[in-house]
Amino acid sequence: QVQLVESGGGLVQPGGSLRLSCAASGRTFSTYVMGWFRQAPGKEREFVASVSKSGGKTNDADSVKGRFTISRDNAKNTVYLQMNSLKFEDTAVYYCAADFRPTALANAWPSGIAADYDYWGQGTQVTVSS
């Protein structure tokens, strides 16, 4: 079992920044890929970004490329999502998730498919509004 707890959400103006954190517990953090997804009201959950087990590879959705950065600190069992240049359309509940599928390499390409993720946090609300 893995427990994932997100934090750092809030209200921000367009163009502003937020940093989300997701603290994991329950299993060795470096053995699973981590991802961020989001769900806006009335929309399906969508992929935001993911990071490989070692942190050496990242995968970003086109909608956030150049604005959001995912990273992880395996010593702190935490994954981060730095969000810059926020837009109205970034408003959503943001979820972190853990993918336990075995990989040959710690730097294997991290999945952007929600069905590949085994554990999910409760989510943190991000609202971009003026």
Side-chain angles (χ1 to χ4, degrees):
Q1 289 286 344
V2 168
Q3 293 77 46
L4 303 173
V5 179
E6 303 96 335
S7 61
L11 175 65
V12 63
Q13 292 186 338
S17 297
L18 278 177
R19 188 195 197 202
L20 305 184
S21 300
C22 173
S25 61
R27 287 181 62 171
T28 304
F29 186 64
S30 60
T31 61
Y32 44 94
V33 168
M34 293 297 297
W36 286 97
F37 294 77
R38 67 186 181 185
Q39 188 166 18
K43 295 188 177 181
E44 293 189 355
R45 189 170 298 190
E46 66 171 355
F47 169 68
V48 176
S50 57
V51 60
S52 63
K53 297 174 184 180
S54 67
K57 278 195 174 63
T58 62
N59 179 12
D60 305 311
D62 289 342
S63 59
V64 306
K65 280 187 190 297
R67 300 189 300 121
F68 292 9
T69 302
I70 188 171
S71 62
R72 67 189 296 162
D73 186 337
N74 286 348
K76 295 183 178 180
N77 292 354
T78 302
V79 62
Y80 305 98
L81 185 68
Q82 178 66 45
M83 305 187 294
N84 299 328
S85 302
L86 282 159
K87 305 176 180 180
F88 291 118
E89 52 264 41
D90 294 319
T91 295
V93 177
Y94 283 71
Y95 300 89
C96 69
D99 171 3
F100 279 92
R101 293 175 303 147
T103 58
L105 299 173
N107 248 3
W109 185 255
S111 172
I113 300 172
D116 288 339
Y117 287 77
D118 305 283
Y119 292 94
W120 295 79
Q122 292 300 307
T124 185
Q125 176 70 47
V126 172
T127 303
V128 184
S129 175
S130 55

Checklist outcome for this item: The complete set of side-chain hydrogen bond (donor to acceptor under 3.5 Å, both in side chains) pairs with one or both residues in residues 7-28, sequence neighbours excluded, reads Q3-S25, S17-N84

Next on the checklist: Tell me which pairs pass side-chain hydrogen bond (donor to acceptor under 3.5 Å, both in side chains) where either residue lies in residues 69-80, with sequence neighbours left out.
Outcome noted: R72-N74

Next on the checklist: If the condition is ring pair (Phe, Tyr, Trp, His ring centres under 6.0 Å), which residues does Y95 pass it with, not counting sequence neighbours?
Outcome noted: none

Checklist entry - Considering residues at least two apart in sequence or located in another chain, which fulfil the ring pair (Phe, Tyr, Trp, His ring centres under 6.0 Å) criterion with Y117? => result F37

Which donor-acceptor pairs under 3.5 Å do side chains of residues 57-65 form with protein atoms, sequence neighbours excluded?
| residue | atom | partner | partner atom | Å |
| --- | --- | --- | --- | --- |
| K57 | NZ | N107 | O | 3.4 |
| N59 | ND2 | P110 | O | 3.0 |
| K65 | NZ | D60 | O | 3.2 |

Checklist entry - Roughly how far, to the nearest 0.5 Å, is the NZ atom of K87 from the CZ atom of R67? => result 4.5 Å

Next on the checklist: My understanding is that only residues two or more places apart in sequence, or in another chain, count here; which of them pass salt bridge (charged side-chain N to carboxylate O under 4.0 Å, His left out) with D118?
Outcome noted: none

Item to check | Side-chain donor-acceptor pair present, T31, K53, cut-off under 3.5 Å | outcome: no

Checklist entry - Can you list every pair that meets disulfide (SG to SG under 2.5 Å) and has a residue in residues 46-102, with sequence neighbours left out? => result C22-C96

Item to check | Pairs meeting criterion disulfide (SG to SG under 2.5 Å) with involvement of residues 39-80, two or more places apart | outcome: none

How is the hydrophobic cluster of [X] composed, in terms of its other members, when Ile, Leu, Val, Met, Phe, Trp and Tyr link through side-chain heavy atoms under 4.5 Å apart, directly or indirectly?
| X | value |
| --- | --- |
| I113 | none |
| V5 | none |
| L105 | none |

Checklist entry - So which heavy atom on L4 is nearest to which on A97, and how close? => result CD1-CA, 3.8 Å

N/O donor-acceptor pairs under 3.5 Å from side chains in residues 120-130, not counting sequence neighbours:
| residue | atom | partner | partner atom | Å |
| --- | --- | --- | --- | --- |
| T124 | OG1 | G9 | N | 3.2 |
| Q125 | NE2 | A92 | O | 3.4 |
| Q125 | NE2 | T127 | OG1 | 3.3 |

Checklist entry - Between the main-chain N or O of W109 and the side-chain N or O of S52, is there a donor-acceptor pair closer than 3.5 Å? => result no

Checklist entry - In terms of hydrophobic clustering (I, L, V, M, F, W, Y; side-chain heavy atoms under 4.5 Å; direct or indirect links), are L20 and L86 co-clustered? => result yes

Next on the checklist: What verdict does the side chain to side chain contact (heavy atoms under 4.5 Å, CB included) test give for W36 and F47, after you've listed the backbone C-alpha separation in whole Å, the side-chain angles of each residue and the deciding distance to 0.1 Å?
Outcome noted: CA-CA 7 Å; W36 286 97; F47 169 68; over 6 Å; no

